[in-house]
Amino acid sequence: MPVSLARRLDEVAPSATLAMTARAAELRASGRKVYTFGVGEPDFETPEFIREAAQKALATSSHYTAATGTIELKEAICRATERDRGWCPSPDSVTVSVGAKHALFNLAMVLCDPGDEVVIPAPYWVSYPAQWQLFGGKPRVVETKAEDGWRMTPSALEAALGPKTKAVILCSPSNPTGAAYSADELRALAKVLANTDAVLIVDEIYGELVYDGFEHVSFAKIAPELEDRLVIVDGVSKTYAMTGWRIGWAIAPKRIVKALSKVQGQSTTNPTAVAQAAAIAALEGPRDEVRRMRDIFSKRRDRMLAGLRDVPGIECDTPRGAFYAFPSVAGLYGIHHGGSALDSANDVALWQLDVCGIAAVPGEPFGAPGHVRFTYATSEEVIDEALAQLKEAVLKADRHPSMAP
Ligand code: PMP
Ligand code: GLU
């Protein structure tokens, strides 16, 4: 008899972002040239001053710390939030976890009872619905459109709220679209939420990665009236190129902090002590590396957009932040491949991987069929080379006659 696994697992698929990363790595190991636009992580090494601080901290980091992070790190998070986001939380409202993904997972665990609804605008980061589904939650997905800059309108939010709504998850700037809300747009959403008791979880992990002078505004700054049910999630992974260090946090009202602490105290205990020390160095250190990485991402974004828009059949709006382009690839449907015609974003992603070695994540698991996510955390040369190949492949491709461009 096979081991019977918990039924809650039936509801969720494995992470598509991680699956594409694994597939690209396999292909590369088999000797193929692969252009990696899959996983969403900076390709830079963690800045040297952070690694040096970690090396120093090794001498004194052998033991458990407080389960939700050291007071020194919590204080550094509060100072950095004040400096970068313009509002000042108190250290006892912070819980530090093993990455922002862990913080979001713990939030689902402490908030969700079976049958509770969580409002999630699509396209969404793949893990938001999956985490709530693991606890019996029901995602209430709100469609957004490229023409609206992939931003949820207040009326769409209002229509999705109901008696079972437990929480709303916003991500700004967004993975996978790069969409970001202006202060006025956030205010309009806050007004709708003022009449409810839904918890608002705002994932601001890409807050430092915004372009063309766009100003990221923290939800906590514009809607202090929601502070008793507002949770801000953030971390060092993206801003400081520290994905492997696994430090992220939630800034939450006291009752939620207490619940998160209980869960973490019974599960992981503290995030790695030396990684916490590295995170303090990152948050307190000089800012020029952060600016340098952002400027490089900004140039890569322009290259990525120009390259994608040059491919017949691909259309792409301009993302305001993060490091993703999220074009429509529906214009490529009909290309013949492996005995059939491309008919979904998943087909397109597999075709471009096969034909050009381009690894990017199809839109279906982000709740956005017809699109493919290209991460531009890779060099401009790689972007140019890969997209030139994609264009050539599209121009050379056989198509079903009724679907010719
Ligand atoms: N939120 C979003 C929107 C992300 O893209 C990621 C990237 N994995 C995370 C949270 C989690 O980041 P981490 O766990 O590395 O802190
Ligand atoms: N956030 C990144 C992505 O979306 C990293 C992978 C993950 O944690 O899912 O690709």
Side-chain angles (χ1 to χ4, degrees), residues 12-25 36-44 46 69 73 77 94-108 120-132 150 169-181 201-210 216 219 231-251 264 268 271-272 275-276 278-279 282-283 297 319-326 349 359-368 371-378:
V12 296
S15 163
T17 47
L18 299 184
M20 182 50 92
T21 315
R23 204 184 156 106
T36 308
F37 300 119
V39 71
E41 70 170 335
D43 53 328
F44 308 111
T46 303
L73 176 53
I77 288 167
V94 180
T95 59
V96 185
S97 298
V98 184
K101 190 184 252 181
H102 183 212
L104 286 158
F105 181 86
N106 285 351
L107 281 163
I120 305 176
Y124 43 72
W125 181 43
V126 292
S127 296
Y128 297 147
Q131 292 181 342
W132 279 68
W150 295 115
I169 305 182
L170 270 191
C171 182
S172 180
S174 147
N175 176 3
T177 62
Y181 293 84
I201 299 171
V202 189
D203 183 343
E204 300 190 351
I205 197 155
Y206 296 100
E208 298 308 300
L209 295 174
V210 287
H216 166 74
F219 207 102
V231 183
I232 302 287
V233 172
D234 208 334
V236 292
S237 282
K238 318 292 172 174
T239 311
Y240 304 97
M242 288 179 72
T243 46
W245 297 83
R246 313 305 304 127
I247 295 289
W249 55 85
I251 307 177
Q264 205 154 298
T268 56
T272 307
Q276 292 189 60
L283 294 167
F297 280 133
R320 283 176 165 172
F323 37 59
Y324 307 104
F326 199 61
V361 191
E364 288 90 348
F366 298 101
H371 293 76
V372 170
R373 189 190 79 173
F374 289 75
T375 303
Y376 48 86
T378 189

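Atoms within a ligand are numbered from 1 in the order they appear, just like the ligands themselves. Quick note: numbers below take in every heavy atom, side chains included, and nothing from hydrogens, waters or symmetry partners.
- Nearest heavy atoms, Leu170 versus Pro121: CD2-CG, 4.0 Å.
- The shortest non-hydrogen separation linking Pro365 to Tyr124 is O-CE1, 3.4 Å.
- Set against the non-hydrogen atoms of Tyr128, the atoms of ligand 1 under 4.0 Å away are 3 (C).
- By the criterion of a heavy-atom distance under 4.0 Å, neither the backbone nor the side chain of Glu41 is placed next to ligand 1.
- The distance from ligand 1 to the heavy atoms of Cys171 drops below 4.0 Å at these ligand atoms: 3 (C).
- Applying the side chain to side chain contact (heavy atoms under 4.5 Å, CB included) test to Glu41 and every residue at least two apart in sequence or in another chain returns Val39, Thr243.
- Ala180 is linked by a side chain to side chain contact (heavy atoms under 4.5 Å, CB included) to Ser172, Pro173, Phe214, Arg320, counting only residues two or more places apart in sequence or in another chain.
- The line from OG1 of Thr375 to CG of Asp43 is 10.5 Å long, rounded to the nearest 0.5 Å.
- The closest protein non-hydrogen atom to atom 11 (C) of ligand 1 is Lys101 N, 3.6 Å.
- Of all protein heavy atoms, the one lying nearest to atom 3 (C) of ligand 1 is Asp203 OD2, 3.3 Å.
- For the residue pair Trp125 and Pro129, the shortest heavy atom distance occurs at O-CD, 3.6 Å.
- At least one heavy atom of Ala100 lies less than 4.0 angstrom from ligand 1.
- With no hydrogens or angles considered, no side-chain donor-acceptor pair links Trp150 and Ser174 at under 3.5 Å.
- At under 3.5 Å, not a single nitrogen or oxygen of His102, backbone or side chain, sits near a nitrogen or oxygen of ligand 1.
- In this view, Ala100 and Ile205, Val233 satisfy the side chain to side chain contact (heavy atoms under 4.5 Å, CB included) rule, not counting sequence neighbours.
- For ligand 1, the atoms closer than 4.0 angstrom to any heavy atom of Asn175 are 3 (C), 4 (C), 5 (O).
- Ring orientation note: the planes of Phe323 and Phe297 are tilted relative to one another, at an angle of 30° to 60°.
- The protein heavy-atom contact nearest to atom 7 (C) of ligand 1 is Lys238 NZ, 2.6 Å.
- No part of Tyr124 comes within 4.0 Å of ligand 1, judged by heavy-atom distances.
- Remark: minimum distance from atom 14 (O) of ligand 1 to any protein heavy atom is reached at Arg246 NH2, 2.8 Å.
- The shortest N or O to N or O distance between Thr243 and ligand 1 is not below 3.5 Å.
- Of all the atoms in ligand 1, the ones that sit under 4.0 Å from a non-hydrogen atom of Gly99 are 14 (O), 16 (O).
- Taking OH from Tyr240 and CG from Leu283, the interatomic distance works out to 4.5 Å, rounded to the nearest 0.5 Å.
- Of all the atoms in ligand 1, the ones that sit under 4.0 Å from a non-hydrogen atom of Ser237 are 13 (P), 15 (O), 16 (O).
- Rounding to the nearest 0.5 Å gives a distance of 8.5 Å between CG of Asn175 and CG of Asp203.
- Residues Ile247 and Ala279 come closest through the heavy atom pair CG2-CB, 3.9 Å.
- In terms of protein heavy atoms, atom 9 (C) of ligand 1 is closest to Trp125 CH2, 3.5 Å.
- Protein heavy atom at the shortest distance from atom 12 (O) of ligand 1 is Ile205 CD1, 3.6 Å.
- Relative orientation of the Phe374 and Phe37 rings is tilted, given thresholds of 30° and 60° on the angle between their planes.
- The protein atom (non-hydrogen) at minimum distance from atom 4 (C) of ligand 1 is Tyr206 OH, 3.6 Å.
- Heavy atoms of Phe105 come nearer than 4.0 angstrom to ligand 1 in no pair at all.
- When every heavy atom of Tyr324 is checked against every heavy atom of Lys238, the shortest pair comes out as OH-NZ, 4.4 Å.
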Just list the N/O pairs, ligand 2 to protein, that are under 3.5 Å apart, with the distance for each.
unit_1, atom_1, unit_2, atom_2, d
ligand 2, 1 (N), Lys238, NZ, 3.2
ligand 2, 4 (O), Trp125, NE1, 3.1
ligand 2, 4 (O), Asn175, ND2, 2.9
ligand 2, 4 (O), Arg373, NH1, 2.9
ligand 2, 8 (O), Lys101, NZ, 2.9
ligand 2, 9 (O), Thr17, OG1, 2.7
ligand 2, 9 (O), Lys101, NZ, 3.4
ligand 2, 10 (O), Gly40, N, 2.7
ligand 2, 10 (O), Arg373, NH2, 2.8

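- Not one N or O of Gly248 is nearer than 3.5 Å to an N or O of ligand 1, by distance alone.
- Listed here is the closest heavy atom pair of Gln276 and Pro271: NE2-O, 2.9 Å.
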